[in-house]
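Structure record follows, encoded as structure tokens.
Below, chain A is the first sequence line, B the second, and so on; all start at residue 1. Quick note: numbers below take in every heavy atom, side chains included, and nothing from hydrogens, waters or symmetry partners.
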Number of protein chains: 2
Amino acid sequence: MPAWLADCLFLSVVFRVLPSVSMALLSTLTPLFVAVLCVILVFLFKSSQKKENKAVKPEWKPTAETRPWVDEDLQDDTEIRHKDEEDGDWVESGGEEELAHVPYPASRYPVEVMVQRSQDFYSLMNQRRSVRFLSPEPVPRQVIDNVIRTAGTAPSGAHTEPWTFVVVSDPEVKHQIRLVVEEEEEVNYRQRMGDKWVSDLQRLRTNWVKQYLDVAPYLVLIFKQTYGVVAGGQKKTHYYNEISVSISCGLLLAALQNAGLVTVTTTPLNCGPQLRLLLGRPANEKLLMLLPVGYPAPDATVPDLTRKPLDDIMVHL
Amino acid sequence: MPAWLADCLFLSVVFRVLPSVSMALLSTLTPLFVAVLCVILVFLFKSSQKKENKAVKPEWKPTAETRPWVDEDLQDDTEIRHKDEEDGDWVESGGEEELAHVPYPASRYPVEVMVQRSQDFYSLMNQRRSVRFLSPEPVPRQVIDNVIRTAGTAPSGAHTEPWTFVVVSDPEVKHQIRLVVEEEEEVNYRQRMGDKWVSDLQRLRTNWVKQYLDVAPYLVLIFKQTYGVVAGGQKKTHYYNEISVSISCGLLLAALQNAGLVTVTTTPLNCGPQLRLLLGRPANEKLLMLLPVGYPAPDATVPDLTRKPLDDIMVHL
């Protein structure tokens, strides 16, 4: 009941009941006593209302929950579960504690081989660039499968493997994705017409119109699973799901580069919910990244960027 | 002024003023009129108080800030800059828009080579495991340098390269890090003494005591730069810095595995600020991960985990 309605009801009760019923009583009391009585009555009534309002107000202070102590690997101190997420059943055991430990089969290289391998891998990865101009040529599906398998070898908080890779090659679905992404990008674009970038119309237009979403033979949409659902419908916390999925994306980029394929790591603004529904993904999955994958177009260009030298990114102690 | 104090003051005014001043007036009025008057007075007074409270309440709804439109690559819709971070000068230009575009030097493999490469890389990465038992044997510094260089090839929001890799080989610094981490882990441990994990004392102890922090020839502490500082002391927003640094960590893990080295991806709870001060890192850097790096110990074991099959992590449309 809203506060003003309660006030009106109270007043109408005072006005109706006092004249008809209490007139006899009132005549025996002093006017002053009646006045004080009414003041106290209203005071008490309003105070009780205030308390009621306070009690109804939801408390938003996050509280630390007990979490499964599975491993110190990727423990979470940021993603504290909120009260409103506690509707379902939550399973608290992590699973790993029942596992046997087995010897780790190490493969060691001679020092000179090791140095050479580290140098070669750096050279290969250093050739990777974000490429926005893709060729429509088909790419063997087997390669894409191996790239996704590689991404799935990433470590994850409590080994939850909280990732879903949606690989889209259907031209109609790709086009639907393009429509959603470009519509949102156009809103971003039009809202920025007053900015200092307005003179760069041509360049902005290049960013707003995303041909590669139609052209690329594959679109890889990476979803993070914010929680898991185990047998019986219980929810399982996915600690550090965003960091885990991002690490997995790093392995995916390495695998693409190793296979001679290119992509551009994009995070489409505000498109997540629409694309999730379009692709039929469940509510616990949130879109983290969208990567168009293919061969580079023959005339592909990239900005003439440089990378920070080692001394700018590494500190040795 | 608190509400209860206002209420008390109002009542005391009613009690004091009414008897002494208004007695003459009251005698000429009907008791009912006085009662109604008092009710209306209190009603109006309390209503005005309520409005005042509402007006004072701070509004916490976050507002979107204008952001540099550099590129659709890794745009940010989550890390909205807060008012309290706006003290310093913020530079709004991204830098990339002045860059020339150059042809992308593509290197393409024949299809069968491509498939084989993707298979081999998956096999190599699939052998990676989080290993907690490291050998104290020295590792060539050149390999570590190449691994960090490889991590530095990751894409980043607006090419901000928001990472710092602190590589620690000094035994004394490693030991200081161990003391900080174990102290925090012991707090976690003792606070969980009442849990169902209390019976797993032996296993918990293994997690709390982190020998590898002394034993590993290198500790790599990965810091994310939450903002950058350009010439002139201006601050530069680092969009998506956590995702970018996590992707970079994925490349680092791939590079270590490629070189035959092992690590365990840890995120020490509550240790960030202490370790940042210990290592002399500036305030814009926050510890994201700590990776002990080395050869595996000869008797190293790992939990007998399996990974999800491809069909559980990939959806093809």
Side-chain angles (χ1 to χ4, degrees), chain A residues 26 31 34-35 38-39 42 46 69 72 74 77 99-102 104 106 108-109 114-115 118 121-122 125-126 130 142-143 146 148-150 152-153 155 161 165-168 170 173 197 207 243 246-247 249-251 254 258-260 265 269 296 300-304 308 313-317, chain B residues 26 31 34-35 38-39 42 46 69 72 75 77 99-102 104 106 108-109 114-115 118 121-122 125-126 130 142-143 146 148-150 152-153 155 161 165-168 170 173 197 207 243 246-247 249-251 254 258-260 265 269 296 300-304 308 313-317:
Chain A
L26 277 174
V34 172
C38 288
V39 166
V42 173
K46 298 286 285 190
W69 183 291
E72 89 279 28
L74 284 175
D77 61 346
L99 288 168
H101 278 241
V102 294
Y104 173 72
R108 181 184 293 210
Y109 307 106
M114 192 184 191
V115 171
S118 70
F121 191 67
Y122 165 61
M125 290 301 127
N126 197 31
S130 292
Q142 212 182 331
V143 173
N146 282 333
I148 303 296
R149 279 193 188 97
T150 307
T153 68
E161 303 174 273
F165 301 91
V166 180
V167 176
V168 180
D170 182 293
V173 180
W197 288 279
N207 278 340
I243 292 178
S246 300
I247 291 174
C249 175
L251 291 177
N258 175 72
T265 314
L269 278 169
T301 59
V302 290
D304 194 14
K308 291 180 182 172
I313 65 170
M314 188 176 85
V315 177
H316 186 241
L317 296 175
Chain B
L26 278 174
V34 172
C38 288
V39 166
V42 173
K46 298 286 285 190
W69 182 293
E72 91 278 28
Q75 275 182 88
D77 61 345
L99 289 168
H101 278 241
V102 294
Y104 173 71
R108 181 183 291 210
Y109 307 106
M114 192 185 193
V115 171
S118 71
F121 191 67
Y122 165 60
M125 289 301 126
N126 197 32
S130 291
Q142 212 183 331
V143 173
N146 282 333
I148 303 296
R149 278 194 188 95
T150 306
T153 67
E161 303 174 272
F165 301 91
V166 180
V167 176
V168 180
D170 182 293
V173 180
W197 289 279
N207 279 339
I243 292 178
S246 300
I247 291 174
C249 176
L251 291 177
N258 175 72
T265 314
L269 278 169
T301 59
V302 290
D304 194 14
K308 291 180 183 172
I313 66 170
M314 188 176 86
V315 177
H316 186 241
L317 297 175

Fill in: Donor-acceptor contact below 3.5 Å, side chain B:Glu161 vs main chain A:Lys308
yes
Practice prompt. Provide the closest heavy-atom pair for A:Ile148 versus B:Ile313 in the form atom of the first, atom of the second, distance.
Written response: O-CD1, 3.8 Å
Discussion item. Could you report the tightest heavy-atom contact between A:Ser118 and B:Asn258, atom names first, then the distance?
Written reply: N-ND2, 4.1 Å
Practice prompt. Return the minimal non-hydrogen interatomic distance between B:Tyr122 and A:Thr153, and the atom names on each side.
Written response: CE1-CG2, 3.9 Å
Worksheet, complete the sentence: Between the CZ atom in A:Arg149 and the CE atom in B:Met125, the distance rounded to the nearest 0.5 Å is 16.0 Å
Worksheet item: Of the non-hydrogen atoms in A:Thr265 and B:Ile247, which two are nearest, and what is the gap between them?
Response: CG2-CD1, 4.2 Å
Item to complete: Check whether B:Arg108 gets within reach of chain A through its side chain, its backbone, both or neither, counting any heavy atom under 4.5 Å.
Response: side chain
Worksheet, complete the sentence: For A:Val315, the side-chain contact (heavy atoms from CB on, under 4.5 Å) test, sequence neighbours excluded, returns A:Leu317, B:Thr164, B:Val166, B:Arg281
Practice prompt. Heavy-atom pairs under 4.5 Å with chain A are the metric here; pick the option from B:Asp170, B:Val302, B:Val173 that has the most.
Written response: B:Val302
Discussion item. Could you measure the distance from the CG atom of A:Leu251 to the CG atom of B:Asn126? Nearest 0.5 Å is fine.
Written reply: 11.0 Å
Worksheet item: Between A:Ala259 and B:Tyr109, which heavy-atom pair has the shortest distance, and what is it?
Response: O-CD1, 3.5 Å
Discussion item. B:Thr150: which residues meet the side chain to side chain donor-acceptor pair (under 3.5 Å) condition with it, sequence neighbours left out?
Written reply: none
Worksheet, complete the sentence: Between A:Val115 and B:Asn146, the two heavy atoms sitting closest are O-ND2, 4.0 Å
